[in-house]
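Read through the structure below, which is laid out as structure tokens, and then see the notes.
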There are 2 protein chains.
Amino acid sequence: MSTVSGEAADGGRTPQRGRPARYTREALLDLVVGVFNERGYEGASMEDLARASGLTKSTFYHHVSGKEELLRMAVGRALDALSAALDETMATHARPIDLLADAVRRTTEVLLDELPYVTLLLRVRGNTAVEREALARRRAIDARLAALVKVAAEAGEIRADIDPRLASRLLFGMVNSITEWYRPGARTASRTSIVDAVTGVALTGLRTPGAS
Amino acid sequence: MSTVSGEAADGGRTPQRGRPARYTREALLDLVVGVFNERGYEGASMEDLARASGLTKSTFYHHVSGKEELLRMAVGRALDALSAALDETMATHARPIDLLADAVRRTTEVLLDELPYVTLLLRVRGNTAVEREALARRRAIDARLAALVKVAAEAGEIRADIDPRLASRLLFGMVNSITEWYRPGARTASRTSIVDAVTGVALTGLRTPGAS
DNA sequence: GTCTATATGTTGATAGAC
DNA sequence: GTCTATCAACATATAGAC
């Protein structure tokens with residue numbers, strides 16, 4: 001169970017006119033999100049999604065309720081992961097600057113581990129109810145992150161010459177921008193080196209320490 | 001001339017069934033790009049664009065050749081501005097670290113001054129020929145910026161523990177992320193404070209200098 | 001320059017045979 | 001579970017009257 005095409009209990013007599021196409025719902029969602037990210041949510045048609053899964057459009061509809069529901073599942077997964085990461089950070093009860101660094105690290109890790117889902121989430125515009133709901137949840141997470149920056153600023157642990165809200169936007173804008181280029185498997189930077197680089201640049205900047 | 005509805009040389013006898021709608025081509029493009037950014041390029045229909053301009057769909061088509069051509073003009077404007085800013089930076093012949101700081105500053109300024117156009121550019125996916133051409137031009141600009149970072153790294157002026165390509169992506173990812181939230185006129189950070197903050201965070205980081 | 005009307009294709013979604 | 005066939009809605013784009 002939880003597979004898409006069932007167990008062929010009739011002993012193979014079934015015509016199977018298309019490709020076998022036996023996906024778990026998770027594998028199917030992975031595939032769908034891949035197409036969403038390639039062509040954009042609006043630019044991807046149900047026909048595109050069906051073809052990518054090796055099914056006809058009708059068969060595809062037999063398994064999924066519709067395009068919007070697919071989006072809801074996908075962005076929900078991203079939001080849950082980001083939310084959980086932030087919960088874990090808060091549970092450490094560390095000093096403000098360390099809380100912030102931990103949030104940056106964990107958010108970056110979620111982004112790398114759930115890359116297609118977070119990528120899709122970050123591109124949501126707000127045309128439909130599903131999208132607006134996702135934006136609202138995302139704003140709530142951003143607000144929690146901004147609060148972390150604010151606390152660190154009030155503790156004097158980050159520079160006072162930049163507004164905490166602006167600092168938060170730049171910081172997590174940098175983190176989120178990873179979705180623009182990171183492709184796992186490609187010969188780019190490793191997960192660890194990215195996490196270290198983000199945290200490093202965020203806290204101490206690019207310039208060589210001590211250089212003029 | 002260069003207006004959209006002409007000079008009404010008949011002395012006002014024209015029926016004018018819709019809204020007056022007298023735009024320069026630039027004002028019309030501004031309006032179009034606004035809708036593109038609100039709904040997404042794929043999500044915005046010609047009907048949407050026409051309605052936003054106060055014209056019927058047909059009248060709108062009388063003035064513009066089609067949706068894709070509107071996109072070409074819009075992203076072309078963004079690409080030209082970014083390219084020109086980078087040319088200006090190179091013409092200063094400064095030290096590597098100062099070249100880099102200047103590129104960050106000028107790129108940020110273009111982003112703020114041409115916000116809707118650059119925002120649209122940064123969201124281009126690559127579904128059509130126009131989009132792929134824009135992506136190619138954008139990649140060329142990114143490569144020039146990455147080269148600046150590399151030179152600064154080789155001169156020992158930025159930290160050696162981060163791969164220059166990764167540093168470049170994080171740095172300009174942070175810069176580009178401004179399009180996600182900046183809204184001129186809203187009571188957010190001013191142009192100057194944003195430019196200063198970006199340059200500051202990029203080079204020296206968020207952490208308070210000298211703090212543990 | 002603007003309109004109404006329409007041509008033509010594509011989209012999300014369903015009906016019903018096998 | 002899979003297919004072919006089809007629908008209603010909406011898309012881009014054009015024709016032609018005023």
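First the proteins, then the strands, lettered A, B, ... as listed; each starts at 1.
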Between [atom2] on [N] and [atom1] on [X], what's the gap in Å once rounded to a whole number?
X	N	atom1	atom2	result
B:His62	D:dC18	NE2	C1'	14 Å
A:Arg51	C:dT10	CZ	P	12 Å
A:Glu69	C:dA13	CD	C1'	15 Å
A:Leu70	C:dA13	CG	C1'	13 Å

Would you call [X]-[Y] a salt bridge at under 4.0 Å N-O?
X	Y	result
B:Glu131	B:Arg125	no
B:Asp80	B:Arg77	no
A:Arg191	A:Glu109	yes
A:Glu133	A:Arg72	yes
A:Arg139	A:Asp142	no

Between protein and nucleic acid, restricted to nucleotides 9-15 of chain D and to nitrogen or oxygen atoms under 3.5 Å apart, what atom pairs and distances do you find?
from: D:dT12; atom 1: OP1; to: B:Met46; atom 2: N; distance (Å): 3.3
from: D:dT12; atom 1: OP1; to: B:Lys67; atom 2: NZ; distance (Å): 3.3
from: D:dT12; atom 1: OP2; to: B:Met46; atom 2: N; distance (Å): 2.8
from: D:dA13; atom 1: OP2; to: B:Tyr61; atom 2: OH; distance (Å): 3.2
from: D:dA13; atom 1: OP2; to: B:Lys67; atom 2: N; distance (Å): 3.4
from: D:dA13; atom 1: N6; to: B:Lys57; atom 2: NZ; distance (Å): 3.1
from: D:dT14; atom 1: O4; to: B:Ser58; atom 2: OG; distance (Å): 2.6
from: D:dA15; atom 1: N6; to: B:Ser58; atom 2: OG; distance (Å): 3.0

_Angle between the end axes of the helix from C:dG1-D:dC18 to C:dC18-D:dG1, five pairs per end, to the nearest 10 degrees?_
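Terminal axis comparison yields 10°.
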*A:Thr89: which of A:Arg106, A:Arg144, A:Arg105 passes side chain to side chain contact (heavy atoms under 4.5 Å, CB included)*: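 Exactly one pass, corresponding to A:Arg106.
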Result block: side-chain N/O donor-acceptor pairs under 3.5 angstrom for residues 166-181 of chain A, not counting sequence neighbours:
from: A:Asn176; atom 1: ND2; to: A:Phe172; atom 2: O; distance (Å): 3.2
from: A:Ser177; atom 1: OG; to: A:Met174; atom 2: O; distance (Å): 2.7
from: A:Thr179; atom 1: OG1; to: A:Asn176; atom 2: O; distance (Å): 2.8

*Apply side-chain hydrogen bond (donor to acceptor under 3.5 Å, both in side chains) to A:Glu38 and B:Asn127, showing your working.*
CA-CA 8 Å; A:Glu38 243 181 78; B:Asn127 288 349; over 6 Å; no
*For C:dT2, does OP1 or OP2 lie under 4.0 Å from any side-chain N or O of B:Thr56?*
no
